[in-house]
Every structure is written in C-alpha cells, then in structure tokens.
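One structure below.
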Amino acid sequence: MTVNVGVVDLGHVDLLVQEGFYSNRSDLVRTALRNQLALHADTVRQTVARRTLTVGLQHYARADLEQVVAAGQQLQVQVVGLARIADDVTPELARAAIASVTVLGAFQASPAVRRALSDRIH
C-alpha cells in the first residue's frame, strides 16, 4: 500500500513523531487505520455477512480444487484478507475449479494461474 500525503500533513505527522506520540510515521498510519476500522466495524461485519465473504486466510490446495472439479462444481472465491492458491495447481485445474475471484487484500498464485484466471478476477 502506498499513501500519498500532502507536505503540510506530512509535516504534522513528523511533528507528532518528534514529540513522541508515535515511534515513526508508519506507527501513526497504522494507528489511524486501526481507529478508522474500529469506527466502521459494524458496517464491515454486516457487509462480510451479507456478501458471504471469508475473512482471514483461505488456502486452496491442489487436492481441494480436484475435489471441486470431481463434484462438477466451481468455486466463487470471496476473501477479505489473503487468498492463496498452492504452487502445484495447474492453470487448467484453476480454470476448471474457480468461477470467480474477489479478494479484498492480497491474492497469491503462480503467474501462470493468475493469467489463467485473469478474466475471472474482480
């Protein structure tokens, strides 16, 4: 994540760091982020429930995806956090098993799998 801050705001941040309120710039940004997330926690919880999102880490192993394909189904990957597809998953298996990918956070997959799913990543 990159955050662009105006020079006056950056100066205020540096002043607070110098005065000992925060150990460094990142500490202030993390604290501000946590405060905003806490402020909106109810909205986040309601949205996660309404959209049936998985929160945290969701790992998809080759065997998991093979079972999905064998059952004649496809996954709707919807994650807040980290979605990870194992390195031994082939692009063909990923396309057969995964209908769509929506990740708010980070998505880890091999470059070949990412290319295979590129039209399904939202």
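Note that the structure is predicted; figures quoted are calculated from it, not measured.
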Does His59 have more than 12 heavy atoms from other residues, nucleotides or ligands lying within 6.0 Å of its NE2? yes
Hey, is the main chain of Gln108 close enough, under 3.5 Å, to the side chain of Arg84 for a donor-acceptor pair? no
Main-chain N/O of Gly6 paired to Asp9 side chain as donor or acceptor, under 3.5 Å: no
I'd like to check Val29 versus Tyr22 (side-chain heavy atoms, cut-off strictly below 4.5 Å). Are they in contact? no
Between Leu117 and Ile85, is the side-chain contact (heavy atoms from CB on, under 4.5 Å) condition met? List the steps. CA-CA 11 Å; Leu117 297 174; Ile85 298 177; 4.0 Å; yes
Leu104 with Val48, same ILVMFWY side-chain cluster at under 4.5 Å: yes
Do Ile121 and Val103 touch side chain to side chain, with heavy atoms closer than 4.5 Å? no
Side chains of Ile98 and Leu93 in contact at under 4.5 Å (non-hydrogen atoms): no
Quick check for you: to the nearest 0.5 Å, what is the distance between Leu37 atom CG and Arg34 atom CZ? 9.5 Å
Closest heavy-atom pair, Ala94 versus Val113, reported as atoms and distance to 0.1 Å, is CB-CG1, 3.8 Å
Mind listing the closest non-hydrogen atom pair of Ala86 and Ala61 along with its distance? CB-CA, 4.0 Å
Roughly how far, to the nearest 0.5 Å, is the CZ atom of Arg30 from the CZ atom of Arg25? 13.5 Å
Could you tell me the separation between the CZ atom of Arg62 and the OG1 atom of Thr90, rounded to the nearest 0.5 Å? 5.5 Å
Do the side chains of Arg50 and Gln46 get nearer than 4.5 Å, heavy atoms only? no
Minimum heavy-atom separation for Ala83 and Val77, please, with both atom names. CB-CG1, 4.2 Å
What's the separation between atom CG in Leu65 and atom CG in Asp88, rounded to the nearest 0.5 Å? 9.5 Å
Considering residues, nucleotides and ligands other than Asp119, do more than 12 of their heavy atoms fall under 6.0 Å from its CG? yes
Should Leu39 and Asn35 be marked as a side-chain contact (heavy atoms from CB on, under 4.5 Å) after you check the CA-CA gap, both sets of side-chain angles, and the distance that decides it? CA-CA 6 Å; Leu39 179 67; Asn35 289 341; over 6 Å; no
Cluster check Val3, Leu10: I/L/V/M/F/W/Y, side chain < 4.5 angstrom: yes
Is Arg95 close to Arg120 at the side-chain level, that is, under 4.5 Å between some pair of heavy atoms? yes
Are Phe107 and Leu82 close enough that some pair of their side-chain heavy atoms sits under 4.5 Å apart? no
Can you tell me how far OG of Ser100 sits from CD of Gln74, rounded to the nearest 0.5 angstrom? 9.0 Å
Are Met1 and Val5 linked, directly or through intermediate hydrophobic residues, by side-chain heavy-atom contacts shorter than 4.5 Å (ILVMFWY only)? yes
Do Leu16 and Glu19 come close enough that some side-chain heavy atom pair is under 4.5 Å? no
Any chain of hydrophobic side-chain contacts (each under 4.5 Å) joining Val55 to Leu57? no
Between CG on residue Asp27 and CZ on residue Phe21, distance to nearest 0.5 Å: 12.5 Å
Going hydrophobic residue to hydrophobic residue with side-chain gaps under 4.5 angstrom, can you get from Leu75 over to Val80? no
Arg51 side chain reached by Thr102 side chain, heavy atoms, under 4.5 Å: yes
